[in-house]
Every structure is written in structure tokens, then in C-alpha cells.
Amino acid sequence: MSGTNQQMSHVELDGHDLPAFCPNPSMPIWSNHPKVYLDLGNEGVGKCPYCGTVYRLKPGAVVHGH
């Protein structure tokens, strides 16, 4: 791996934003890939297998029925 520091993009989600999916509506159209739903697991963090965007629940987010 090179010595460059690559910054990962991330998106914070609230409970009403679930289910989590990528690409999300705020992404530019040119960067679209097939829509995938993400499992945030017990830690509340998931990563898109296509673009590497990290999705995480906001601290204190209330999740209903998921």
C-alpha cells in the first residue's frame, strides 16, 4: 500500500433513514452503481461493496422494527 492517506466517505443515518441503501439520493448521478441494501449489524456500521461508502447510525438513533 502506498504512503498516501486516502479518506473514506461516510454517511450518518437516523432511525427513519432505514433501511440503509447505496447509492443514496445525495450522490451525484455519474457515480451511480446498482442499488444495494446494507446490513448495519450490531455495531450500526455498514460498507457499500461497490463504492466503499461507510454508513453508520447516528449516536442515540432510535431504530423501529428493524
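As a basis for the values below, the full set of heavy atoms in this structure was taken, side chains included, without hydrogen atoms, waters or symmetry mates.
- Closest of all the heavy-atom pairs between C48 and L38 is CA-CD2, 3.9 Å.
- Smallest separation of non-hydrogen atoms from R56 and V45: CB-CG2, 3.9 Å.
- In plain terms, the two heavy atoms of L40 and G46 that are nearest each other are CD2-N, 3.5 Å.
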Distance-only donor-acceptor hits, side chain of residues 11-27, under 3.5 Å, sequence neighbours excluded:
| unit_1 | atom_1 | unit_2 | atom_2 | d |
| --- | --- | --- | --- | --- |
| D17 | OD2 | D14 | N | 2.8 |
| N24 | OD1 | S26 | N | 2.9 |
| N24 | OD1 | S26 | OG | 2.5 |
| N24 | OD1 | M27 | N | 3.4 |
| N24 | ND2 | Y55 | OH | 3.1 |

